[in-house]
Colleague: 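Below: one structure in structure tokens.
Residue numbers start from 1 in every chain, and the chains themselves are labelled A, B, ... in the order their sequence lines are given, proteins ahead of strands. Scope of the values below: all heavy atoms of this structure, side chains included, with no hydrogens, waters or symmetry mates.
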Number of protein chains: 2
Amino acid sequence: MSDADKGPARGRPRTMNAEQVLDVAMKAYWHSDPADVSVNTICQMAGISKPSLYREFGSEDGLSRAALERYADQVLAEMFVMLHGGQGLRGTLAALIDFASDDPRMETGCLFYKMRAGKHRLGRDTRARVEEIDATAQAAYAAFLQAARDAGEWPEGLSVAVGAKYLGEQIALAITQRASGEDPARIREMLTLALSVFTRP
Amino acid sequence: MSDADKGPARGRPRTMNAEQVLDVAMKAYWHSDPADVSVNTICQMAGISKPSLYREFGSEDGLSRAALERYADQVLAEMFVMLHGGQGLRGTLAALIDFASDDPRMETGCLFYKMRAGKHRLGRDTRARVEEIDATAQAAYAAFLQAARDAGEWPEGLSVAVGAKYLGEQIALAITQRASGEDPARIREMLTLALSVFTRP
DNA sequence: TCATTTTTATACTATCCGGTATTTTATGTC
DNA sequence: GACATAAAATACCGGATAGTATAAAAATGA
């Protein structure tokens with residue numbers, strides 16, 4: 001409410017569009033690698049000055065955290081929806097396989113997995129958020145698998161916790177392979193093979 | 001023969017021991033991350049000056065390539081031996097699982113996999129060597145699996161090429177998880193699960 | 001003793017990084 | 001038009017990087 005005022009009315013009007021800058025940053029981090037994108041290049045790509053960026057985001061950590069947040073809202077949210085889709089074990093796994101191996105947005109990998117892989121290079125806040133998202137994702141996988149188990153679709157001798165971790169890592173692996181230019185058909189084959197352990201006869 | 005002369009006899013005698021420097025570099029790259037170790041810190045750790053290092057290795061790329069070569073000789077060679085051990089499919093897979101999930105040398109990960117993961121940050125020669133080793137490893141996995149297939153131990157409907165790639169990636173995943181501090185027992189569980197696709201009843 | 005050779009040690013360059021101090025510019029208000 | 005305000009643009013700072021020019025040191029040969 002306090003910030004929703006139409007215009008500050010005083011001072012030079014801002015030309016910087018925070019949303020657009022964030023979009024540029026998210027895509028830059030996403031399509032290359034968070035560790036290889038400097039604030040300088042982001043300013044250049046977004047056509048703004050460094051002080052403007054720092055006024056808006058405070059620090060590089062603030063910017064990368066905001067970019068990750070945006071990515072979580074725009075992309076990861078969709079994955080979470082898949083897990084609550086209410087299709088059975090096989091149907092949901094098939095959807096995950098489709099997403100990881102053929103969704104065009106994953107062609108250059110996943111920003112979240114890239115950040116997680118280079119966790120130690122991130123700032124404090126961004127790293128904390130990465131760990132938070134990781135825990136959330138693992139919980140979602142576990143809930144999904146638990147539901148399948150409750151429905152009787154579950155191999156003997158496998159704990160839900162290990163299965164959830166395994167499922168998450170296999171998807172991460174598949175998407176990371178997308179980023180390295182691997183043939184999607186082959187990625188699909190390997191991911192299907194890996195996840196076949198959940199649907200053994 | 002030309003370089004095997006006992007001593008150059010002229011000039012100030014060198015105090016730098018190339019083997020020892022290479023050992024320091026290899027371990028530094030290995031135990032942290034190739035991209036996070038500068039030539040400055042290696043000089044410091046090895047107690048030598050920068051010009052000495054550059055005279056011996058030419059460039060950072062030359063040093064990292066030499067370090068990778070040493071790693072291949074000292075560590076990777078052992079993995080290749082495992083694949084030609086002549087134990088059956090199950091025996092060799094068990095040995096690989098042991099190595100990836102419990103060998104103390106893999107506690108901080110694998111230098112080769114670390115370099116492969118950050119391939120784009122490497123110099124030209126080092127990157128080329130990484131790709132070479134990658135191809136060699138994949139061929140070794142394929143030969144091992146082909147032998148198992150010839151011996152009749154093979155699941156239907158799986159190509160050796162995909163199986164080899166899959167096997168290699170699962171081992172890389174397990175060892176990478178070691179480096180990130182994951183519980184070895186859990187890594188073993190997941191890797192065993194992943195490789196169970198080769199020994200299905 | 002003095003010159004030659006080869007390695008070492010020190011100091012330096014150029015570039016990039018994240019972050020900031022300073023100045024300019026564009027607006028609303030009086 | 002004069003003034004206050006807030007943003008933008010420019011230029012800068014300190015530090016780290018890969019790589020190098022230069023000088024000092026330690027050996028041999030004469």
Side-chain angles (χ1 to χ4, degrees), chain A residues 2-3 5-22 24-25 28-29 32-67 115 118 120-127, chain B residues 2-3 5-22 24-25 28-29 32-67 115 118 120-127:
Chain A
S2 57
D3 276 352
D5 301 340
K6 199 50 167 293
R10 297 276 288 260
R12 178 171 175 172
R14 65 175 55 180
T15 59
M16 187 195 62
N17 180 341
E19 287 294 308
Q20 180 247 341
V21 171
L22 210 47
V24 165
Y29 288 141
S32 101
D33 189 313
D36 295 336
V37 177
S38 70
V39 298
N40 286 318
T41 64
I42 288 176
C43 289
Q44 227 170 296
M45 287 188 293
I48 62 168
S49 69
K50 260 206 290 196
S52 295
L53 187 147
Y54 276 90
R55 184 171 38 72
E56 186 71 32
F57 299 102
S59 65
E60 184 179 38
D61 191 17
L63 173 65
S64 60
R65 195 205 138 114
M115 284 184 167
H120 64 283
R121 273 186 272 261
L122 299 174
R124 200 177 115 264
D125 294 355
T126 308
R127 181 167 56 246
Chain B
S2 58
D3 276 353
D5 301 339
K6 199 49 168 290
R10 295 275 289 262
R12 177 172 174 170
R14 65 174 55 177
T15 59
M16 187 195 62
N17 180 339
E19 286 295 308
Q20 179 247 341
V21 171
L22 210 47
V24 164
Y29 288 141
S32 101
D33 189 313
D36 296 337
V37 177
S38 69
V39 298
N40 286 318
T41 64
I42 288 176
C43 288
Q44 225 170 298
M45 287 189 293
I48 62 166
S49 69
K50 255 200 302 190
S52 295
L53 187 147
Y54 276 91
R55 185 171 38 72
E56 184 72 32
F57 300 102
S59 65
E60 185 179 37
D61 191 18
L63 174 65
S64 60
R65 196 205 138 113
M115 283 184 168
H120 63 284
R121 271 184 274 260
L122 299 175
R124 199 177 115 264
D125 294 355
T126 309
R127 181 167 56 245

Colleague: Compute the angle between the rotation axes at the two ends of the helix from C/dT1-D/dA30 to C/dC30-D/dG1, each taken over five pairs, rounded to 10 degrees.
Modeller: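 One end axis against the other gives 30°.
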Colleague: Drop me the distance from B/C43's SG to B/M16's CE, to the nearest 0.5 angstrom.
Modeller: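 One finds 10.0 Å between SG of B/C43 and CE of B/M16.
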Colleague: What is the distance from CG of A/N40 to P of D/dA9, rounded to the nearest Å?
Modeller: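 After rounding, the reported distance stands at 15 Å.
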Colleague: Quick one: list whatever passes salt bridge (charged side-chain N to carboxylate O under 4.0 Å, His left out) with A/D61, sequence neighbours left out.
Modeller: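 Here no residue qualifies.
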Colleague: Rounded to whole angstrom units, what separation is found between the CZ atom of A/R124 and the P atom of C/dG18?
Modeller: 19 Å
Colleague: What distance separates A/M115 CE from A/R127 CZ, expressed to the nearest 0.5 Å?
Modeller: 12.0 Å
Colleague: Using whole Å, report how far CG of A/L122 lies from P of C/dG18.
Modeller: 13 Å
Colleague: My understanding is that only residues two or more places apart in sequence, or in another chain, count here; which of them pass salt bridge (charged side-chain N to carboxylate O under 4.0 Å, His left out) with B/D125?
Modeller: none
Colleague: With sequence neighbours excluded, what pairs up with A/T15 under the side-chain contact (heavy atoms from CB on, under 4.5 Å) test?
Modeller: none
Colleague: For residues 14-21 of chain A, which residues have at least one heavy atom under 4.0 Å from DNA chain D?
Modeller: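 A/R14, A/T15, A/M16 - these, ordered by number, are the residues of the stretch whose heavy atoms sit under 4.0 Å from the strand.
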Colleague: Of all heavy-atom pairs between A/A18 and A/F57, which one has the smallest distance, and what is that distance?
Modeller: O-CZ, 4.2 Å
Colleague: Using salt bridge (charged side-chain N to carboxylate O under 4.0 Å, His left out) as the criterion, list what pairs up with A/R14, not counting sequence neighbours.
Modeller: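 Checked A/R14 against salt bridge (charged side-chain N to carboxylate O under 4.0 Å, His left out); matches are A/E56.
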Colleague: Any salt bridge (Lys or Arg N to Asp or Glu O under 4.0 Å) involving residues 33-46 of chain B? Give me the pairs, sequence neighbours left out, ordered by first then second residue.
Modeller: A/R121-B/D33, A/R121-B/D36
Colleague: Let's go through B/L63 and B/L22 carefully: what are the C-alpha distance in whole Å and the side-chain angles of both, what is the deciding distance for side chain to side chain contact (heavy atoms under 4.5 Å, CB included) to 0.1 Å, and is it a yes or a no?
Modeller: CA-CA 8 Å; B/L63 174 65; B/L22 210 47; 4.1 Å; yes
Colleague: Measuring from the side chain of A/S38 (C-beta onward, heavy atoms only), which nucleotide among D/dA27, D/dT17, C/dC17 has the closest atom?
Modeller: C/dC17
Colleague: What are the two closest non-hydrogen atoms of A/V21 and A/A46, and how far apart are they?
Modeller: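 A/V21 and A/A46 have their closest heavy atoms at CG2-CB, 4.1 Å.
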Colleague: Could I get the full list of side-chain contact (heavy atoms from CB on, under 4.5 Å) partners for A/Y54, not counting sequence neighbours?
Modeller: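 For A/Y54 the side-chain contact (heavy atoms from CB on, under 4.5 Å) partners, ignoring immediate neighbours, are A/V39, A/K50.
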Colleague: Contact list please: residues 44-62 of chain A against DNA chain D, heavy atoms, distance less than 4.0 Å, in numerical order.
Modeller: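 Within residues 44-62 of chain A, the residues near DNA chain D are A/S49, A/P51, A/S52, A/R55.
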Colleague: Provide the full list of salt bridge (Lys or Arg N to Asp or Glu O under 4.0 Å) pairs with a residue in residues 37-47 of chain B, sequence neighbours left out, each pair given once.
Modeller: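 Those involving residues 37-47 of chain B do not exist here.
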Colleague: Taking only residues two or more places apart in sequence, or in another chain, which ones meet B/V37 in a side-chain contact (heavy atoms from CB on, under 4.5 Å)?
Modeller: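 Residues passing side-chain contact (heavy atoms from CB on, under 4.5 Å) with B/V37: B/A28, B/Y29, B/S32, B/T41, B/I42.
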Colleague: Would you tabulate the pairs of protein nitrogen or oxygen atoms and nucleotide nitrogen or oxygen atoms of nucleotides 2-5 of chain D closer than 3.5 angstrom?
Modeller:
none

